Amino acid sequence: MLLDLRLTMESGQPPQFLWKREGSKYFRYINEKKCYLWQDKELHHTPGYDGYINEFLRAQDDLEEIYGKIATDPVMKRAVEKYRGLRITKNDPWETLVSFVCSINNNIPRICKNVQSLMHKGRILSPEELLSRDLEACRLGFRARFLKEIAEMMPSYDLTKIGRMDYEDAKAILMEFPGVGDKVSECILLFGYGFLEAFPVDVWIARAMERYYGVSGKNAREYARKRWGPLAGYAQQYLYCHIREV
DNA sequence: TTCCAGGGTGAGT
DNA sequence: ACTCACCATGGA
């Protein structure tokens, strides 16, 4: 499997918020047990997590094939060459939802701190646990109210069911949550549910689309859908790294 | 001091 | 449908 683990774990995707580094290894708790993940010549992980890691790293995605389909212009050719091995990750929907509500008008180092403050025993607090936590101490700013209201709504939603809907329906449901708008819903669809056609447009992607393709941020998603279609999410992640020079 | 960060909301056109 | 002030926090 073609993989650059560092790039994948530290390119602004959920694992950057949800996993921790310990030397050259990454780890998090899965079912109360510590799972390490690291790469030298090969990819290694704590025994017993084959299935989890395969899903997490989307092992079924053939990057060479994806490059062939999206790298149809000099910009994307350069991006997939420079960030070869960058994969889209598949994360837990609830943890992804919480993470990207924390990301609203925020920067990555502080998103990490906010998300970490919402974790206990290596996982994001359940909606119920979240409601009984002192959110003021988490320094979430105006995002605290969003999280509180989402947690209160959660009992009448089924996040698993959203994953079985089609892209449009899933997006409409997600946007019923306060704090979940156009961009955040796209992130949840992409990183939490694996809809590769999702194309989150943040300030960086808007910048990249203007600079590289002459497309305004407002028209970015429609342009991306026509250009990269079902693989827009991958194109997005390579553009994100490219414009930020990660 | 002002600007910015993987934006969303609501009120005003 | 579109704009825009405002939202809380902390680093540059």
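By convention in this document, chain letters (A, B, ...) are assigned in the order of the sequence lines, proteins followed by strands, and residues within each chain are numbered from 1. This one's a predicted model, so the numbers in the text were calculated from it and none came from an experiment.
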Q: Could you work out which one of C/dT9, C/dG10, C/dA8 sits closest to the side chain of A/Glu136?
A: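 It is C/dT9.
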Q) Given the P atoms of B/dC4 and C/dC4, what is the spacing between them in whole Å? A) 16 Å
Under 4.0 angstrom, heavy atoms only, what part of the nucleic acid is [X] near: base, sugar-phosphate, or nothing?
X	result
A/Arg110	base
A/Tyr240	base
A/Gln237	base
A/Val201	nothing
A/Leu140	nothing

Which protein N or O atoms sit under 3.5 Å from an N or O of nucleotides 1-3 of chain B?
none

Taking 4.0 angstrom as the limit, do [X] and [Y] come out as a salt bridge?
X	Y	answer
A/Arg58	A/Asp61	yes
A/Glu176	A/Lys171	no
A/Arg207	A/Glu210	no

Q: Determine, for nucleotides 8-13 of chain B in 5'-to-3' order, which nucleotides have protein heavy atoms under 4.0 Å from the base (write B), from only the sugar-phosphate (write S), or from neither (write -).
A: SS----
Q) Quick one: are A/Arg123 and A/Arg28 in side-chain contact, heavy atoms under 4.5 Å? A) yes
Q) Can you check whether A/Trp94 reaches A/Ile150 side chain to side chain, under 4.5 Å on heavy atoms? A)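 They are in side-chain contact.
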Q. Taking the six-membered ring for Trp, are A/Tyr36 and A/Phe27 parallel (under 30°), tilted (30 to 60°) or perpendicular (over 60°)?
A. tilted
Would you mind reading off the distance between [X] atom [atom1] and [N] atom [atom2], rounded to a whole angstrom?
X	N	atom1	atom2	answer
A/Gln16	B/dA5	CD	C1'	14 Å
A/Glu149	C/dC7	CD	C1'	13 Å
A/Leu147	C/dA8	CG	C1'	13 Å
A/Phe142	B/dG7	CZ	C1'	7 Å
A/Asn105	C/dT9	CG	C1'	10 Å
A/His242	B/dG6	NE2	P	18 Å

Q. Do A/Glu10 and A/Tyr26 have side-chain atoms, one donor and one acceptor, less than 3.5 Å apart?
A.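 There is such a pair (donor and acceptor under 3.5 Å, judged by atom type) between the side chains of A/Glu10 and A/Tyr26.
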Please list every donor-acceptor pair under 3.5 Å in which a side-chain atom of residues 187-204 of chain A meets a protein atom from a residue at least two apart or in another chain.
{"unit_1": "A/Tyr193", "atom_1": "OH", "unit_2": "A/Leu159", "atom_2": "O", "d": "2.7"}
{"unit_1": "A/Asp202", "atom_1": "OD1", "unit_2": "A/Trp204", "atom_2": "N", "d": "3.3"}
{"unit_1": "A/Asp202", "atom_1": "OD1", "unit_2": "A/Ile205", "atom_2": "N", "d": "2.8"}

Q: Check whether any side-chain N or O of A/Arg139 sits under 4.0 Å from OP1 or OP2 of C/dG11, and answer yes or no.
A: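 For C/dG11, neither OP1 nor OP2 has a side-chain N or O of A/Arg139 closer than 4.0 Å.
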Q | Atom pair CZ (A/Arg143) and CG (A/Asn105), whose distance is rounded to the nearest 0.5 Å | A |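 Here the interatomic distance stands at 6.5 Å.
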Q: Classify the side chain of A/Asp202 versus the base of B/dA5 as yes if they form a donor-acceptor pair under 3.5 Å and no if they do not.
A: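 No, the side chain and the base share no sub-3.5 Å donor-acceptor pair.
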